[in-house]
Amino acid sequence: MVTRRRLLAAGAAGGAAALAPAGLTASGRALAAAAPLDAGDIPKYVSPLRIPPAMPPVATGPERDTYVIAVRQFRQQILPPSWPRTTVWGYGSTAHPGSFGYPAPSIVARVGHPVRVTWVNQLVDSRGDYLPHLLPVDPTLHWANPPGGGANRDRAGSWDGNPLGYRGPVPQVVHLHGGHSTQESDGHAEAWYLPAARDLPRDVAVAGSAYREFRSRFAERSGLRWAPGSATFEYANDQRSCTLWYHDHSLGLTRENVYAGPAGFYLLGGGDDLPDGVLPGPAPARDDPPEARYHDIPLLIQDRSFTADGDLLYPDAHSTGGETHSSHADVPPIWVSRFSGSTMVVNGRTWPTLTVQRRRYRFRLLNGCNSRFLLLSVVTNATARPARPVLPVWQIGGDGGFLPEPVPHERVTLGPAQRVDAIVDFTDVPAGTELYLVNEGPDGAYGGGRPGVDFPPADPRTTGQVLRFVVTDATGTDPSVPPEHLRLPAHPRLGPAQRVRRLSLNERMSSSGSMAMLLGVLDERGRGLPLRWSDPVTEQPTLGSTEVWEVRNFTRQVHPVHLHQVQFELLGRGHSGRVRPDPGDRGWMDTVLAYPWEVTRIKAHFDLPGRYAWHCHLLEHEDNEMMRPLTVLPRGGAAAGDGGSPGGPAAPGTASTDAG
């Protein structure tokens with residue numbers, strides 16, 4: 001427990017979104033030429049934390065809850081009041097125009113009770129004409145490529161020298177990250193669709209190459225047909241209680257689409273939840289009054305950069321290095337390999353403040369950054385480094401639900417897309433105390449190790465600070481159980497595996513000297529064999545099978561590896577892959593950190609057939625070929641692909657029944 005003396009010693013040592021309709025188009029000027037806003041000039045802790053409300057459904061019933069959710073463009077106050085508002089994209093209910101926000105309202109769901117969502121692409125202006133992207137788009141990547149028409153969509157396009165790149169209608173498709181979803185409801189990267197704009201060019205592809213197939217499959221299941229500019233997905237919610245999130249997943253555009261704002265929490269409760277009152281609550285729920293007070297709070301943490309006019313600023317080859325690369329055919333002219341924003345944004349506001357009472361709080365921490373890794377701790381001095389934690393962050397869950405037991409952390413590590421379900425106990429903190437959630441992750445690439453020893457931590461004046469807590473007296477009793485005394489629900493384990501796959505994370509140097517990151521398999525000698533999204537599928541488990549994947553990282557940085565459809569177990573790490581996971585990594589995961597020159601061993605059960613994907617969740621990497629198909633074959637057929645070289649001999653151990 002924290003004490004007043006410890007707090008004082010450590011200190012000595014060291015609202016609702018304002019929304020408005022957007023203009024007819026985003027700013028037409030070249031964003032690369034816009035003057036950047038100096039993050040050091042932005043005042044901190046002047047805005048209250050915005051807590052996303054629950055998404056309003058259009059219907060509820062015993063069979064399912066139904067939503068119609070669109071993505072739209074609007075302006076929101078992300079910078080402090082009196083500073084310019086920012087044009088962003090965000091989701092909201094089409095039946096509730098005031099619900100649109102960044103981040104979006106949270107979909108509140110129950111285990112075993114399906115949710116059906118019609119996702120609508122409404123990136124159009126007030127006339128119904130399509131809106132171009134807020135950011136420069138590189139058309140030379142392997143991407144959705146609507147200008148390619150039906151024959152050349154979902155392929156690399158060409159660049160005409162325009163520094164803004166592609167300026168046509170923007171593809172969208174929503175992925176429920178961590179969801180146990182059928183293939184037609186997974187948000188496949190090639191199932192994107194354009195808005196039903198009145199001025200769509202005649203020769204563009206209006207949907208991705210997988211859209212028609214999944215539309216037909218959904219119609220067969222439900223009798224419903226998707227309308228133009230939309231897709232209807234159904235989530236069975238047949239998994240453990242957990243914190244999921246939803247975001248865009250369009251091929252080759254995920255980094256920029258997510259950066260523009262479309263993301264929200266999907267809070268799945270019930271099932272193996274603990275009895276009411278055991279954990280801090282309540283969380284936002286439907287029909288809450290405006291004055292509702294919450295003790296279970298989702299926190300979407302992201303880094304963003306801004307122009308002096310308040311617009312989002314995202315780097316490109318022109319603004320970051322000066323070289324246009326136009327003379328190098330193998331180097332994308334606009335794409336950059338990594339992004340680190342100059343500010344920290346929590347729930348859509350830069351450096352907000354949360355007033356907390358002297359009681360316990362549950363925080364659903366989500367790293368929604370494109371590339372940044374977060375190392376989070378609670379301190380009294382926001383700028384002192386090394387940071388001196390004064391309150392433990394008690395982790396009770398991860399991506400896929402509760403851990404076997406609570407785990408106290410002085411510092412929580414979160415890779416992009418990872419979630420930590422945590423409790424922070426302010427009970428013994430004196431009223432009037434100010435505490436800070438700080439970040440000691442690097443401002444550049446992350447290779448593991450300790451801040452201040454193996455890498456310089458984030459700038460303590462800017463990206464090293466995240467959120468301020470102001471502690472006040474409690475107004476009532478706290479019935480929740482102290483985290484150190486919690487008994488969490490039993491943690492189910494997977495049975496023996498029928499197969500071991502040996503896979504690789506690879507660096508490949510281009511002829512012009514640039515570095516590309518690729519997933520792949522191992523060849524006969526155990527070396528990484530890089531593969532692209534369009535190469536033959538190598539990961540093809542059989543329906544109902546359990547497999548161990550051994551992912552060997554041949555690169556110099558950490559990659560968050562995400563598998564669609566499944567929640568998996570981490571078996572081990574290290575050079576052999578046999579080092580026991582840390583206590584905070586012993587729950588279910590959908591995104592695992594693969595450290596440099598190590599083997600990361602995971603085990604997954606594949607129980608839904610069809611086409612999925614696995615990829616690095618550094619979005620800049622994902623968008624430039626660090627994603628591979630994952631196909632679950634029907635029962636009765638032999639599993640294809642063994643983690644060895646395509647068409648070559650099976651890698652040793654592929655028939656193993658290793659249970660981990």
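Worth knowing before you read on, the calculation uses all heavy atoms, side chains too, and leaves out hydrogens, waters and symmetry mates.
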Check your understanding: Going through the distances and angles, do V420 and H409 end up as a side chain to side chain contact (heavy atoms under 4.5 Å, CB included)?
Key -> CA-CA 11 Å; V420 161; H409 296 284; 5.8 Å; no
Exercise for review: Determine the interplanar angle of the Y259 and F339 rings, folded into 0 to 90°, and report it as parallel if under 30°, tilted if 30 to 60°, perpendicular if over 60°.
Suggested key: perpendicular
Exercise for review: Could you tell me whether the side chains of D248 and H175 share a donor-acceptor contact shorter than 3.5 Å?
Suggested key: no
Exercise for review: Evaluate the side chain to side chain contact (heavy atoms under 4.5 Å, CB included) criterion for residues R419 and L414: first the C-alpha distance (whole Å), next the side-chain angles of each, then the deciding distance (0.1 Å), finally the verdict.
Suggested key: CA-CA 7 Å; R419 286 89 68 206; L414 270 179; 5.6 Å; no
Exercise for review: Indicate yes or no for a side-chain donor-acceptor contact from T433 to the backbone of V429 under 3.5 Å, with no hydrogens or angles considered.
Suggested key: no
Practice item. For residues F469 and F363, establish whether the separation of their ring centroids is below 6.0 Å. Key: yes
**Study point:** Distance in Å, L279 CG paired with L274 CG, rounded so as to fall on 0.5 Å steps
**Key:** 5.0 Å
**Study point:** Crowding at CG, D41 (>12 non-hydrogen neighbours, <6.0 Å)
**Key:** yes
Practice item. Among E622, E620, H621, find the one that has a side-chain hydrogen bond (donor to acceptor under 3.5 Å, both in side chains) with N370. Key: E620
Check your understanding: Would a 4.5 Å heavy-atom cut-off, applied to side chains only, mark W83 and L37 as touching?
Key -> yes
Review point. Do W89 and Q172 have side-chain heavy atoms sitting under 4.5 Å apart?
Key: yes
**Study point:** Donor on one side chain, acceptor on other, Q122 and Y91, under 3.5 Å
**Key:** no
Point to revise | Steps toward side chain to side chain contact (heavy atoms under 4.5 Å, CB included) verdict (V58, Y67) | key: CA-CA 5 Å; V58 296; Y67 296 81; 5.6 Å; no
Review point. What's the verdict on side chain to side chain donor-acceptor pair (under 3.5 Å) for N257 and H133, showing C-alpha distance, side-chain angles and the deciding distance?
Key: CA-CA 8 Å; N257 283 358; H133 212 292; 2.7 Å; yes
Check your understanding: If we only count heavy atoms from C-beta on, is the T475 to Q357 side-chain gap below 4.5 Å?
Key -> yes
Point to revise | Side chain N121, main chain L123, donor-acceptor under 3.5 Å | key: yes
Point to revise | Donor-acceptor contact below 3.5 Å, side chain S340 vs main chain D443 | key: yes
Point to revise | Test item: D582 side-chain N/O and G584 main-chain N/O as donor-acceptor pair under 3.5 Å | key: no
Practice item. Using the side-chain hydrogen bond (donor to acceptor under 3.5 Å, both in side chains) rule, pick out the option among H249, H562, H559 that qualifies with H615. Key: H249
Study note, to complete from the structure: Between the CH2 atom in W245 and the OH atom in Y266, the distance rounded to the nearest 0.5 Å is 16.0 Å
Practice item. Output yes when a side-chain donor or acceptor of W351 lies under 3.5 Å from a complementary backbone atom of T462, and no otherwise. Key: yes
Review point. With no hydrogens and no angle check, is any side-chain donor or acceptor of Q239 less than 3.5 Å from a backbone partner on G178?
Key: yes
Revision key, fill the gap. Applied to residues 254-265, the salt bridge (Lys or Arg N to Asp or Glu O under 4.0 Å) test, sequence neighbours excluded, yields R255-D623
Check your understanding: Between OG of S342 and CG of D303, what distance do you get to the nearest 0.5 Å?
Key -> 8.5 Å
Review point. Are the charged groups of D125 and R72 less than 4.0 angstrom apart, N to O?
Key: no
Practice item. Any chance you could lay out the side chain to side chain donor-acceptor pair (under 3.5 Å) test for T307 and D309, step after step, and finish with the verdict? Key: CA-CA 5 Å; T307 71; D309 295 331; 4.9 Å; no
Point to revise | Side-chain touch F265/T243, heavy atoms, less than 4.5 angstrom | key: yes
Exercise for review: Check whether any side-chain heavy atom of I301 lies under 4.5 Å from a side-chain heavy atom of M344, and answer yes or no.
Suggested key: yes
Point to revise | Gap between atom SG of C369 and atom CD of Q418 - 0.5 Å precision | key: 12.0 Å
Revision key, fill the gap. Taken to the nearest 0.5 Å, the spacing of I69 CD1 from M55 CE works out to 4.0 Å
Study note, to complete from the structure: G368 and L300 have their tightest heavy-atom pair at CA-CD1, 3.8 Å
**Study point:** Test item: D399 side-chain N/O and T591 main-chain N/O as donor-acceptor pair under 3.5 Å
**Key:** yes
Exercise for review: Begin with the C-alpha distance, continue with both residues' side-chain angles, and end with the deciding distance and a verdict on side chain to side chain contact (heavy atoms under 4.5 Å, CB included) for F373 and V558.
Suggested key: CA-CA 9 Å; F373 288 78; V558 181; 3.9 Å; yes
Point to revise | Any donor-acceptor pair under 3.5 Å from Q76 side chain to Y102 backbone | key: yes
Point to revise | Check: D296/Y361 side-chain N/O donor and acceptor closer than 3.5 Å | key: no
Review point. In chain order, what residues pass the salt bridge (charged side-chain N to carboxylate O under 4.0 Å, His left out) check against R286, with sequence neighbours excluded?
Key: D65
**Study point:** Check: T87/R75 side-chain N/O donor and acceptor closer than 3.5 Å
**Key:** yes
**Study point:** Partner residues of R359 under the side-chain hydrogen bond (donor to acceptor under 3.5 Å, both in side chains) criterion, sequence neighbours left out
**Key:** D478
Revision key, fill the gap. All heavy atoms of G310 vs all of L79, minimum pair found to be CA-CD1, 4.0 Å
Exercise for review: Please determine, by modelled atom types, if H96 and S93 share a side-chain donor-acceptor pair under 3.5 angstrom.
Suggested key: yes
Revision key, fill the gap. For P103 and G348, the nearest pair of non-hydrogen atoms, with its separation, is CD-N, 3.6 Å
Check your understanding: Is there side-chain contact between F74 and T86, with at least one heavy-atom pair below 4.5 Å?
Key -> no
**Study point:** Nearest-0.5 Å distance, CD1 of residue I297 to CG of residue N347
**Key:** 9.0 Å
Exercise for review: Indicate whether any N or O donor in one side chain lies under 3.5 Å from an N or O acceptor in the other, for E434 and T380.
Suggested key: no
Exercise for review: Of all the heavy-atom pairs spanning L131 and V170, show the shortest one and how long it is.
Suggested key: O-CG2, 3.7 Å
Check your understanding: Is it the case that Q567 and D590 place a side-chain donor and acceptor less than 3.5 Å from each other?
Key -> yes
Check your understanding: Can a donor-acceptor pair be found between the side chains of Y45 and Q465 at a distance below 3.5 Å?
Key -> yes
Check your understanding: Does a side-chain heavy-atom distance below 4.5 Å link T463 with T343?
Key -> no
Check your understanding: Are side-chain heavy atoms of R372 and N439 found at a separation under 4.5 Å?
Key -> yes
Review point. Can a donor-acceptor pair be found between the side chains of H295 and S480 at a distance below 3.5 Å?
Key: no
Point to revise | Side chains of T353 and R468, donor plus acceptor under 3.5 Å | key: yes
